[in-house]
Amino acid sequence: MMNGLVCLALLFVQPAAGPALPKAKTVTLTADKTKLSAVLADLAKQAGVAVEDRRGGADDAVTLDLKSVTFWQAVDAVAEAAHAHVQVAPRDGSITLVQRKDKEKSQPVSRDGLFRAAIKRITAIHDFDTGSTTYAAAVEVAWEARLQPLFLETQPRGLKVLDAQGKELPVRQEGSSLAPVDGRASFLLDLPLPERDRTAGKFGAIRGTLSVIAPSRMLQLKFDTLDQLEKQAKKGPAPSVAEDGMTCKVTKVDLATDHWSVRVDLDYPPGGPSFESYQSWVVNNEMTLENKDGTKRMASNSYVLESSTSRRAVLTYHFTDKNRGKADDWKLLYRTPAALVEIPFTFSFNDVPLP
């Protein structure tokens with residue numbers, strides 16, 4: 001009887017929940033014939049991200065009524081009200097509004113939480129041997145600046161392309177891989193589209209799903225002063241900090257005359273994304289030193305990735321500043337992901353005109 005009760009109880013045990021996925025920031029913008037500059041200032045205050053007006057000309061008045069919408073929904077709504085295009089710089093992440101011509105249509109745009117996808121251009125390729133014309137879309141994928149993804153899928157899953165009457169068209173199945181996007185704020189993908197007669201005029205819809213690999217959140221781990229860490233690393237056990245299932249150990253400290261070096265071992269629980277040996281997931285990690293009263297910081301000059309798998313990594317950081325002072329004046333800070341998660345998002349473009 002007891003065994004039966006145990007088995008019955010096991011049926012109701014819930015699986016352990018994985019790391020929480022980052023959520024999109026929401027904003028509220030209400031404006032009744034308010035100057036665009038004031039609306040953009042309000043957006044920056046709520047979202048912590050500036051959007052610059054580079055349209056030139058007057059500071060137009062706009063009217064908006066946006067309640068608890070995502071950041072990208074707000075940006076596109078402001079752009080539409082100002083008759084502007086949105087541009088996202090891929091490197092520094094700056095977001096600007098640029099003037100749209102009087103008869104120029106707005107870009108095909110899709111938003112899903114943290115992400116914004118926009119078709120930048122459609123190109124046609126005509127094969128004179130076969131007489132066929134195929135198309136490709138350059139799709140810009142952007143994300144909220146605080147996300148800091150590491151990799152982005154290069155081809156969507158479940159890609160569907162419909163004609164103007166809603167009939168599904170055959171699409172070429174392209175192989176997908178993970179493209180490194182660390183340090184970027186947007187990324188341009190080439191999306192193959194089906195053969196169409198130009199007289200068709202447009203694609204009725206283009207839909208699919210992409211994913212990024214990103215930290216669930218970034219942790220700022222705090223350790224003792226360097227002199228104490230050196231002693232503990234030699235005697236053992238190695239000083240460590242554990243949080244959200246990950247463990248960071250300081251396994252070696254070298255306080256040489258001309259440089260300081262600190263080696264850390266990172267260990268993550270199973271269940272995260274898998275990586276190839278050449279794909280590094282520690283590129284956004286940072287090691288800094290902070291003086292005891294917290295008024296000064298010193299960043300490492302360089303690091304060496306000693307080894308890496310999907311769950312573990314060993315890194316050595318170097319400090320070569322000539323004005324380092326004494327090791328007992330500096331505490332160690334380390335920034336690393338709490339966990340790495342796959343974040344899917346969908347895109348859907350409607351009534352996309354053919355060139």
Exercise for the section: List the steps, then state whether salt bridge (charged side-chain N to carboxylate O under 4.0 Å, His left out) holds for Glu168 with Arg207. Expected result: CA-CA 11 Å; Glu168 189 170 341; Arg207 301 168 184 161; over 6 Å; no

Handout entry: Donor-acceptor contact present, side-chain Asp59 to main-chain Ser37, <3.5 Å
Key = yes

Handout entry: Asp112 side-chain N/O to Thr346 backbone N/O, donor-acceptor pair under 3.5 Å
Key = yes

Exercise for the section: Look up atom CG in Leu210 and atom CZ in Phe187, then write down how far apart they are to the nearest 0.5 Å. Expected result: 11.0 Å

Please tabulate, for the side chains in residues 74-82, all donor-acceptor contacts under 3.5 angstrom to protein atoms that are two or more places apart in sequence or on a different chain.
residue, atom, partner, partner atom, Å
Asp76, OD1, Arg116, NE, 3.1
Asp76, OD1, Arg116, NH2, 2.9
Asp76, OD2, Arg111, NH1, 2.9
Asp76, OD2, Arg116, NE, 3.1
Glu80, OE1, Arg100, NH1, 3.4

Exercise for the section: Examine distances only and state if a side-chain atom of Trp281 and a backbone atom of Thr309 form a donor-acceptor pair shorter than 3.5 Å. Expected result: yes

Exercise for the section: Return yes if a side-chain donor-acceptor contact under 3.5 Å exists between Asn285 and Thr336, otherwise no. Expected result: yes

Exercise for the section: Take Lys296 and Asp329, measure what side chain to side chain contact (heavy atoms under 4.5 Å, CB included) needs, and give me the verdict at the end. Expected result: CA-CA 11 Å; Lys296 295 181 181 180; Asp329 289 335; over 6 Å; no

Problem - Main-chain N/O of Leu114 paired to Trp72 side chain as donor or acceptor, under 3.5 Å - result: yes

Handout entry: Backbone N/O of Lys25 and side chain of Glu144: donor-acceptor pair under 3.5 Å
Key = yes

Exercise for the section: Would you tell me whether Glu52 and Ser94 have side-chain atoms, one donor and one acceptor, within less than 3.5 Å of each other? Expected result: no

Problem - Pairs meeting criterion salt bridge (charged side-chain N to carboxylate O under 4.0 Å, His left out) with involvement of residues 335-354, two or more places apart - result: Arg157-Glu342, Lys202-Asp351

Fill in the blank from the handout: Apart from Phe128 itself, members of its ILVMFWY cluster (side-chain separation under 4.5 Å) are none

Problem - Verdict with reasoning, Tyr334 to Val262, per side chain to side chain contact (heavy atoms under 4.5 Å, CB included) - result: CA-CA 11 Å; Tyr334 192 59; Val262 181; over 6 Å; no

